[in-house]
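In what follows, a single structure is set out as structure tokens and then discussed.
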Amino acid sequence: GQNIDQPTEMTATEGAIVQINCTYQTSGFNGLFWYQQHAGEAPTFLSYNVLDGLEEKGRFSSFLSRSKGYSYLLLKELQMKDSASYLCAVSPADTGGFKTIFGAGTRLFVKA
Amino acid sequence: ETGVTQSPTHLIKTRGQQVTLRCSSQSGHNTVSWYQQALGQGPQFIFQYYREEENGRGNFPPRFSGLQFPNYSSELNVNALELDDSALYLCASSPISGGADEQFFGPGTRLTVL
């Protein structure tokens with residue numbers, strides 16, 4: 001089966017750095033995605049990791065370790081607008097890569 | 001470039017009724033996926049359409065069905081509505097088939113079943 005685990009909620013302070021972890025159990029997958037979803041809105045793409053290592057994109061970075069079944073999203077210089085849910089997702093290879101499985105999301109609250 | 005659009009925005013139905021939700025994919029995208037998102041949960045994959053054919057399906061009963069049209073727009077049909085079908089239904093398009101690409105989500109249709 002496929003399971004994705006993320007913390008339910010996190011709180012951080014404006015200007016700080018926060019790391020949102022994601023662990024997964026799946027037999028194999030094409031890549032791992034991170035999406036951001038503001039309340040009442042659609043998810044928007046943040047990152048896609050295929051290979052192990054860190055991918056940096058502005059204030060956001062994403063890390064993947066396939067051997068450890070682990071990923072994290074790192075948000076630097078937090079802003080109030082970063083308050084949102086962050087969704088970790090994988091496309092399992094045993095489903096032909098057509099199916100994307102999302103975690104329940106981590107709700108991040110950024111306080112002043 | 002027009003983004004993904006969905007209609008209607010909100011919908012209220014009663015148990016046993018049928019509903020059709022619509023999605024227009026982003027220009028140039030030939031793949032559409034549908035998701036159900038319950039409150040406080042992540043999106044759950046329903047199915048994907050590629051060039052008018054169902055390309056993959058999640059763990060949803062047959063009363064969830066869909067169509068994709070030659071212009072790559074899509075419909076999600078749900079028959080015999082149940083209370084648990086109340087959720088946000090998201091449509092996402094991507095330029096290629098399979099999960100190995102960024103998906104662009106529409107704003108969703110909020111379905112309430114009474």
Side-chain angles (χ1 to χ4, degrees), chain A residues 1-9 20 22-24 26-51 55 57 60 62 64 73 84-108, chain B residues 3-7 9-10 21 23-26 29-51 53-60 64 66 68 87-110:
Chain A
Q2 297 107 12
N3 277 331
I4 297 178
D5 295 308
Q6 309 178 230
T8 304
E9 289 186 359
I20 302 174
C22 169
T23 58
Y24 57 86
T26 183
S27 55
F29 60 94
N30 294 328
L32 187 142
F33 298 86
W34 283 96
Y35 283 83
Q36 179 191 59
Q37 186 175 25
H38 285 99
E41 297 183 11
T44 55
F45 172 83
L46 290 177
S47 67
Y48 177 52
N49 291 67
V50 176
L51 302 176
E55 296 272 347
K57 192 186 290 186
F60 292 13
S62 56
L64 174 65
L73 180 69
S85 282
Y86 291 85
L87 302 162
C88 174
V90 297
S91 291
D94 62 0
T95 65
F98 305 122
K99 181 178 180 179
T100 302
I101 298 176
F102 283 83
T106 298
R107 291 186 66 189
L108 175 65
Chain B
V4 179
T5 60
Q6 292 185 243
S7 63
T9 307
H10 296 85
L21 309 182
C23 170
S24 291
S25 61
Q26 184 159 317
H29 290 184
N30 56 21
T31 301
V32 172
S33 300
W34 285 92
Y35 294 86
Q36 179 194 68
Q37 187 174 26
L39 203 59
Q41 297 298 312
Q44 299 295 308
F45 176 79
I46 302 175
F47 41 55
Q48 183 182 88
Y49 277 84
Y50 171 65
R51 293 187 176 179
E53 298 286 331
E54 186 180 290
N55 205 25
R57 191 176 181 92
N59 297 324
F60 281 81
F64 286 77
Q68 188 178 32
L88 179 69
Y89 287 85
L90 294 163
C91 161
S93 74
S94 55
I96 62 172
S97 179
D101 202 6
E102 171 184 352
Q103 294 182 73
F104 295 81
F105 284 84
T109 295
R110 173 73 62 188

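Reminder, nothing fancy here: chain letters follow the sequence lines and each chain counts from 1. The structure displayed is predicted, hence computed values, not measured ones.
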Would you mind checking which part of [X] comes under 4.5 Å of any heavy atom in chain A, side chain (CB onward), backbone (N, CA, C, O), both or neither?
X: B:Q6; value: neither
X: B:F47; value: neither
X: B:P43; value: both

Practice task
Under 4.5 Å, counting heavy-atom pairs only, tell me which of A:G31, A:A89, A:G105, A:P43 racks up the most with chain B.
Solution key: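 Looking at each option in turn, the highest pair count goes to A:P43.
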Practice task
Decide yes or no for A:T100 and B:S33: does some side-chain heavy atom of the first lie under 4.5 Å from some side-chain heavy atom of the second?
Solution key: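 Counting from C-beta outward, A:T100 and B:S33 never come under 4.5 Å.
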Exercise for the section: Rounded to the nearest 0.5 Å, what's the gap from OH on B:Y35 to CZ on A:F102? Could you check? Expected result: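 Going from OH on B:Y35 over to CZ on A:F102, the span is 5.0 Å.
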Problem - Euclidean distance, B:Q103 CD relative to A:Y48 OH, rounded to 0.5 Å - result: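 So the gap between those two atoms works out to 10.5 Å.
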Exercise for the section: Please state whether the side chain, the backbone, both or neither of A:Q6 comes within less than 4.5 Å of a heavy atom of chain B. Expected result: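 For A:Q6, neither part sits under 4.5 Å from chain B.
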